[in-house]
4 protein chains.
Amino acid sequence: MTTGTADGAAPPPRRTGRPRSQDSRDAILLAATEIVAEQGYAAASIEKIAQRAGVGKQTIYRGWPSKGDILLEALTRKADLYIPIPDEGNWPADIRRLLDDSFALVRRAPQIPDLLRALMVEAQLDPVFGDRFRTNFLQHRRAAVTTLADRAAQRGDLPASVNADVAADVIYGVIWYRLLAVPAPFDDRLADDLATLLTTGP
Amino acid sequence: MTTGTADGAAPPPRRTGRPRSQDSRDAILLAATEIVAEQGYAAASIEKIAQRAGVGKQTIYRGWPSKGDILLEALTRKADLYIPIPDEGNWPADIRRLLDDSFALVRRAPQIPDLLRALMVEAQLDPVFGDRFRTNFLQHRRAAVTTLADRAAQRGDLPASVNADVAADVIYGVIWYRLLAVPAPFDDRLADDLATLLTTGP
Amino acid sequence: MTTGTADGAAPPPRRTGRPRSQDSRDAILLAATEIVAEQGYAAASIEKIAQRAGVGKQTIYRGWPSKGDILLEALTRKADLYIPIPDEGNWPADIRRLLDDSFALVRRAPQIPDLLRALMVEAQLDPVFGDRFRTNFLQHRRAAVTTLADRAAQRGDLPASVNADVAADVIYGVIWYRLLAVPAPFDDRLADDLATLLTTGP
Amino acid sequence: MTTGTADGAAPPPRRTGRPRSQDSRDAILLAATEIVAEQGYAAASIEKIAQRAGVGKQTIYRGWPSKGDILLEALTRKADLYIPIPDEGNWPADIRRLLDDSFALVRRAPQIPDLLRALMVEAQLDPVFGDRFRTNFLQHRRAAVTTLADRAAQRGDLPASVNADVAADVIYGVIWYRLLAVPAPFDDRLADDLATLLTTGP
DNA sequence: ATCTAAACGAGACGGTACGTCAGGTCTTGGT
DNA sequence: ACCAAGACCTGACGTACCGTCTCGTTTAGAT
């Protein structure tokens with residue numbers, strides 16, 4: 001993902017007027033991230049973000065269509081978020097690698113769980129943003145798993161009890177469930193359990 | 001769940017004054033449910049609920065400590081919500097029965113997904129309510145699965161690749177993920193896939 | 001004038017709900033008066049008035065339809081504003097008395113010129129308020145002069161060069177002109193000149 | 001916008017760089033006049049003027065220190081505004097001529113009352129401009145009357161009940177009062193009344 | 001049959017945040 | 001160097017709700 005705003009194909013080169021300030025964008029994303037991490041999502045008003053970023057509210061409304069889109073860009077800006085689609089040559093290693101990478105990211109950057117929670121809340125509160133969130137973020141994540149599963153199916157080492165959709169549902173279901181609903185950590189025990197479940201066949 | 005007000009041990013019989021109106025409580029719960037279902041959670045302000053219920057705001061604040069608690073009681077009031085812990089005598093049948101009952105409930109009462117979404121949102125926005133929600137609702141659900149799994153373990157028909165915690169994580173993880181994140185239905189195909197996954201062992 | 005809000009005849013006694021706070025109204029009028037006097041009309045934003053009065057903005061919007069109406073009530077609240085229609089028995093004494101009373105009032109309460117200027121500005125900026133201002137304030141003032149002139153005409157001591165309308169135009173024209181356009185004071189010299197002009201006939 | 005080559009009368013001290021565009025100035029003044037006349041003073045924002053004139057905001061700020069100054073120049077640009085100081089040889093004729101000319105101007109160009117109102121408002125809102133307005137415009141007008149009165153006094157045909165200051169106060173007081181406060185027209189009846197008042201002596 | 005006291009509907013209260021508009025300044029590329 | 005365009009920060013607008021606080025009005029049990 002690149003920008004968060006869904007620009008179709010050819011962004012017409014802006015011609016006149018003062019260009020938008022990258023500094024302001026950065027400050028807004030940073031302020032939003034910090035407020036969400038420090039004070040929780042309920043405290044992350046546009047007004048507070050603007051004040052903390054040292055920016056006018058209009059600059060925010062000019063740059064993003066909703067609060068969710070700010071958070072989504074903040075999330076994707078964390079470049080280390082990128083989790084490569086593993087290719088270890090076999091399904092068990094692939095799935096274990098994906099789980100380890102995902103869990104490590106969440107453990108490494110403590111703001112990421114906060115951002116993810118905030119994004120899911122915003123997706124429920126603002127259905128229009130919800131669609132963008134699903135399309136531009138959640139489906140990309142699912143695609144990583146289904147790619148692995150398709151590859152495994154072609155190789156023939158996907159257990160008969162597993163298919164691509166259920167694998168994605170289980171992995172991201174459990175991740176989101178732990179983020180939102182239970183205070184349990186993302187530790188190796190969980191990775192073990194999930195990997196075992198998804199790689200064991202009759 | 002009882003009332004929402006946590007009256008610990010001694011139930012002091014209220015003595016004087018006008019008793020609280022059960023009609024008002026009912027009207028509030030109905031109004032909240034309808035607004036969430038019709039207009040979405042973002043539209044469900046206390047003010048709108050009070051107006052639709054024909055009730056003063058103070059009557060709401062007298063009865064529930066937060067908006068989440070209203071929704072939680074509205075959810076539990078749907079008496080048919082009650083899903084018995086199955087006891088079919090074997091793990092595959094138990095797990096399949098639990099899944100079927102759960103999915104059927106969600107399909108039968110279309111307001112229930114809306115209420116569940118709203119509750120999860122409110123749990124994120126209001127951490128104090130979040131704790132109540134986890135303790136009084138989510139953990140009860142988990143307990144159903146872990147009870148089944150413990151029974152299966154004692155019987156010896158729990159697959160080696162499954163344990164009680166991961167079974168609960170997977171089942172409720174997938175349910176919540178589908179409620180919040182993907183527009184997919186709760187159909188027999190999903191029940192088949194999950195049951196297969198959780199009952200297949202090496 | 002009584003309230004500034006043009007309620008026709010029978011104000012239906014409000015029945016339910018918490019009654020409006022007279023303290024808040026008073027604080028709003030005082031804050032508006034002070035800000036206009038101290039910082040000028042341009043600084044008198046609704047937001048500043050609310051803050052200085054220690055009042056929510058909604059309390060202002062609930063009580064007055066526009067900023068001008070606040071100022072108009074503040075002006076009329078200065079009870080000593082009331083200038084009785086004199087009846088000295090002859091036109092020269094009447095007109096001199098009206099001028100003396102009017103000038104004395106303006107000199108005595110230094111906020112009154114500020115309020116009057118602010119009201120006239122607001123009447124230009126907000127045509128709807130402008131109509132109210134003309135009807136409920138300016139025409140009442142004119143009426144005092146035309147009453148005196150009509151009485152004088154009946155008595156026969158109104159100079160042939162003066163009629164009721166031109167007398168009102170001259171008196172209030174000069175007063176407003178001095179308020180808005182020239183920094184000259186409202187002193188006895190001006191009262192002498194105007195009285196002489198309006199009482200001298202061929 | 002392109003600047004015509006024929007800049008008629010005064011060759012400005014030619015400097016380097018692109019010269020200021022007279023077309024832009026004209027467009028700004030025209031846009032300001034039209035907006036005030038069509039939509040009222042409250043709608044005449046710098047932003048709207050710039051947009052209507054097809055001009056950058058900076059071009060406006062470069063050319064005038066305040067919105068009032070734009071309007072003041074727009075007013076004085078209406079060349080027919082110029083009212084000669086009459087010299088009919090006697091006070092009654094002079095004063096009648098001045099009133100007739102002034103009233104005729106206001107009746108002929110309907111934007112002029114709007115501009116005058118806007119200028120007086122701006123003078124109240126912006127005290128710095130207010131001083132300029134008084135010095136550069138209002139006092140010039142007063143001077144016309146006091147010149148006539150001084151001449152009459154020297155000739156000896158100024159009524160004893162009139163002096164130069166009160167004559168100016170009355171004439172411009174009534175004009176401004178009618179512009180700002182009452183919807184009455186500037187007709188011959190008013191001219192008759194004022195002329196009679198100011199020319200009748202004992 | 002009154003009295004007492006809490007709950008009731010209504011709605012005003014001081015606040016926070018919303019999304020928009022305008023003010024006056026600044027920064028582009030183009031003429 | 002000036003221009004049109006437009007982004008920048010500031011601050012005010014009028015609205016929606018928040019959770020609290022009065023009002024006058026029920027409505028029960030205790031007198």
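Chain identifiers are assigned alphabetically (A, B, ...) following the order of the sequence lines, protein sequences preceding nucleic acid strands; residue numbering begins at 1 within each chain.
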Which value, rounded to the nearest 0.5 Å, describes the distance between Ile46(C) atom CD1 and Ser66(C) atom OG?
8.0 Å
Rounded distance (Å) that lies between atom C1' of dG11(E) and atom CD of Gln51(B)
11 Å
Between Ser21(B) and Ala50(C), just flag the one whose closest nucleotide in DNA chain E comes earlier from the 5' side.
Ser21(B)
Duplex segments of DNA chain E, taken as runs of at least three Watson-Crick or G-U pairs that stay under 3.5 Å:
E:1-31 with F:1-31
Here the distance between atom P of dC9(F) and atom CZ of Arg52(A), to the nearest Å, is 17 Å
Do any N or O atoms of the protein come closer than 3.5 Å to N or O atoms of nucleotides 16-20 of chain F, and which pairs are they?
unit_1, atom_1, unit_2, atom_2, d
dC18(F), OP1, Ile46(B), N, 3.0
dC18(F), OP2, Ile46(B), N, 3.0
dC18(F), OP2, Glu47(B), N, 2.9
dG19(F), OP2, Tyr61(B), OH, 2.7
dG19(F), N7, Lys57(B), NZ, 3.0
dG19(F), O6, Lys57(B), NZ, 2.8

N/O (side chain, Ser24(B)) to phosphate O (OP1/OP2, dA7(E)) under 4.0 Å:
no
With sequence neighbours left out, the residues meeting salt bridge (charged side-chain N to carboxylate O under 4.0 Å, His left out) with Lys57(A) are Glu47(A)
What's the CD1-C1' distance between Ile28(C) and dG15(E), to the nearest Å?
14 Å
Look up atom CG in Asp114(C) and atom CG in Leu75(C), then write down how far apart they are to the nearest 0.5 Å.
11.5 Å
What is the distance, to the nearest angstrom, from the CD atom on Gln39(D) to the P atom on dA22(E)?
11 Å
Rounded to the nearest 0.5 Å, how far apart are CD of Glu73(C) and CG of Leu115(C)?
12.0 Å
Could you check how far CG of Asp23(A) sits from P of dA7(F), rounded to whole Å?
16 Å
Test ring pair (Phe, Tyr, Trp, His ring centres under 6.0 Å) applied to Phe133(B) - qualifying residues, sequence neighbours left out:
Phe129(B), Phe137(B)
Between CD of Gln22(D) and P of dC3(F) the distance, given in whole Å, is 11 Å
Is there a side-chain contact between Gln124(D) and Val121(D), using heavy atoms and a 4.5 Å cut-off?
no
In whole Å, I'd like the distance from the CZ atom of Arg25(B) to the P atom of dG9(E).
13 Å
Would you say Thr59(A) places a side-chain N or O within less than 4.0 Å of OP1 or OP2 belonging to dA7(F)?
no
Of all residues at least two apart in sequence or in a different chain, which pass the side chain to side chain donor-acceptor pair (under 3.5 Å) check with Ser45(A)?
none
Atom-pair distance (CG on Asp26(C); P on dG14(E)), nearest Å
12 Å
Would you confirm whether Thr76(C), through its side chain, and Leu72(C), through its main-chain N or O, come within 3.5 Å as a donor-acceptor pair?
yes
Contacts under 3.5 angstrom, residues 26-39 of chain D side chains, donor-acceptor by atom type, not counting sequence neighbours:
unit_1, atom_1, unit_2, atom_2, d
Asp26(D), OD1, Gln22(D), NE2, 3.1
Asp26(D), OD1, Arg77(D), NH1, 3.1
Thr33(D), OG1, Leu29(D), O, 2.8
Glu34(D), OE1, Arg52(D), NE, 3.1
Glu34(D), OE1, Arg52(D), NH2, 2.9
Glu38(D), OE1, Arg52(D), NH1, 3.3
Glu38(D), OE1, Arg52(D), NH2, 3.3
Glu38(D), OE2, Arg52(D), NH2, 3.1

